[in-house]
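Every chain is numbered from 1, with letters handed out A, B, ... down the list of sequences. These values consider heavy atoms only, across backbone and side chains, with no hydrogens, waters or symmetry-generated copies. It should be emphasised that the depicted structure is a prediction, and the values quoted were computed from it without experimental measurement.
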Amino acid sequence: MADLAINGDSAIALAWKQIDPDVCAAYPITPQTIIVERFSDYVADGEVNTNFVCVESEHSALTLCTASSSAGARTFTATASQGLAYMWEMLPITSAMRTPVVMAVANRALSGPININNDHSDAMAARDCGWVMIFAENVQEAYDNAVMAPRIAEHHDVQLPIMTNIDGFILTHAVERMTPLDSKDVKSFVGDFKPLYPLLDWKNPVTHGVMDGPEYYYKHKYQMVEAMENAIKVTEKVFKDFKKISGREYRLVEEYMCDDAEFVAVVLGSSYGTMKAVVDELRAEGKKVGAIMPRLYRPWPDKHMTAALKGKKAVAVLDKHAPIGAYGALYADVCTSLIDMKDAPAAYNYIYGLGGKDATAKDFRTIFEDMLAGKAAKYTFMGVDE
Amino acid sequence: MTSYKNMPIGGRALQPGKSEEVETGDWRSFRPVVDPELCIDCMSCWIYCPDSAVIVKDNKMIGFKMTHCKGCGICAKACPKKAITMVEE
Ligand code: SF4
Ligand code: SF4
C-alpha cells in the first residue's frame, strides 16, 4: 500500500480494520476517541464484520471485552487516563481470566489536578495488573504494534491481555508519514484466534472465573508470572516474523548509538525520538552518549536491559509520571537490571513532561550535561520554577 | 496438592458439575433439623435453599445433605409449617 499521512489514532483504527476483530466495545475518551470513531465508521460502512458494542462506561467496556474474549471472540478496546482508571477493577481480572484482550491506550495524565494532556501516569498506575505492555515512538510504530499485539497476547504460551501505548496528542493527533501493510499480509500475519476452552464451545462445557482458595490463587498467580516470562520469547519471535512482512526491525530494548557510549538515557515513547536527536547533537561534539527505549515494558525485559547498560559509566532514566513518595517506575525497573552487574553504572532519575509539559531537546541535553559534568543527582524533578 | 503445571489456566473448571465432589459444609455453626410430623412436603425449603442441601426423594422432603449445608437457616424461615429448627452444632 502507498504511504499515508495519518495520525496515530487513525493508524491504529486502520490496523484494526485490517485485522477485523470479532468484537469491539469502547467508551469515548480524549485522546483515544478517534480510534473508536474511525473504527465505528468501518463497522457502519460494512468494511469489517466486527460486532461493535456501545457501552455506558469504561468499566462496562472492559467487563464486556473480558466476557467476549472468554466466549472465544477476538476482542479489542481502547481508552486513556480516567477511562483506564475506571477500568482498574477489571484490569487484573481480565489478565487472571487469561483473556487476551487487545487495548490501545492513548497515554494521558491522570487527574487531578484536571489535565487532559500527555504523560504516562495512566499506564504506570496499571503496570502490575498482568497486562503485556508495549510502547511506540511514532505513528508507524503505533500501527505496527497494533498489528503485532494480538499475536503476542493470544499465543498459547502467553494468553494475557495487552496494552499498546501511544503518547496522547503527540502521536494520537499529530499527522505523520506512515507505511501501512497490505490487508492480506496483515490477515495472514495475525491469523485466526484459537482460544483455549472458550465458553461458547458447548460440546465441551467449562466454567470460567471460579472462586480460588489460597492454594489455587497462589498457583494461578504463578502461572501468570510464567506466562509473562514467556511473553519475552514470544514477542521476540513476533518482531522477527513482522520484519519478514514489513522490513521493519524491532527489538525488546531499542538502543541508539550505545555500542561505545559511556552515558546513556533510558526513555519511553515519543520522547525516544527527541532523545535520539540530542544524541546526534552531542555525538557531533564528540561526546560518547546513547539512548535506550524498552519497547516492551511488561514483561520487563530484564536481561536485555542489563546487556544494554553493561559497561556504561552512567544512565539517566526519564519517568513521565509523578511518583509521589518514591522514585519513578521506569527508574526502579532499570535499577533492578543493574543489581547483579559488576561495576554497574550510576543511575539517575529524571521526572519530566508531566501533564503535557513540553519535553524539549534543550531539556534533554541538560541531562547529558549533568552526567558528563558529574553533577547528576539521584532524583531530579525537571523544570520546576524555584 | 496439584502442581501448578497441571492446573487449567485462568481458574477454568474443565469438568462441569464438580461442586458435587467438593465438601463445603464444614463452616456451619447451626444445623437444620426437620420434624417429619409437621412437614407437609411443600418443597419451599428445597426451592429456597441457596445451596442444594435439601434432599428430596419420591416427592418427599427427607432431610439435609450436611456435606453442603451452610447452616444459613433460610429453609427454617421459608418453611410455612415451622417444621425446621436450627440447632447449634
Ligand atoms: S440451612 Fe441453609 S444451606 Fe442448610 S439446608 Fe437450610 S437453606 Fe440450605
Ligand atoms: S418447607 Fe417445611 S413443610 Fe415444606 S417441605 Fe420443607 S420442611 Fe417440609
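Shown here for B:T2 and A:K219, the closest heavy-atom pair between the two residues is O-NZ, 2.5 Å. Of all heavy-atom pairs spanning B:A13 and A:V210, the tightest one is CB-CG1, 4.3 Å.
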- So B:K5 and A:Q223, side chain to side chain contact (heavy atoms under 4.5 Å, CB included) or not? Walk me through it. CA-CA 8 Å; B:K5 289 181 182 151; A:Q223 287 180 332; over 6 Å; no

- Item | side chain to side chain contact (heavy atoms under 4.5 Å, CB included) assessment of B:I9 paired with A:Q159 | CA-CA 9 Å; B:I9 61 164; A:Q159 292 272 312; 4.0 Å; yes

- Task: I would like to know whether A:E226 and B:Y4 meet side chain to side chain contact (heavy atoms under 4.5 Å, CB included); could you show each step before the answer?
- Result: CA-CA 11 Å; A:E226 271 201 345; B:Y4 76 94; 2.6 Å; yes

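Considering A:V206, A:L196, A:L199 in turn, A:L196 is the only one that fulfils the side-chain contact (heavy atoms from CB on, under 4.5 Å) rule with B:R12.
The environment of NZ in A:K187 is crowded: more than 12 heavy-atom neighbours from other residues, nucleotides or ligands sit within 6.0 Å. For A:K233, the NZ atom sits in a loose shell: 12 or fewer heavy atoms of surrounding residues, nucleotides or ligands are nearer than 6.0 Å. In A:Y86, the OH atom is not crowded: 12 or fewer heavy atoms of neighbouring residues, nucleotides or ligands sit closer than 6.0 Å. Surrounding CD of B:E89 are more than 12 heavy atoms belonging to other residues, nucleotides or ligands, all under 6.0 Å away. Annotation for B:D26: atom CG counts as buried by contact number, over 12 foreign heavy atoms lying within 6.0 Å.
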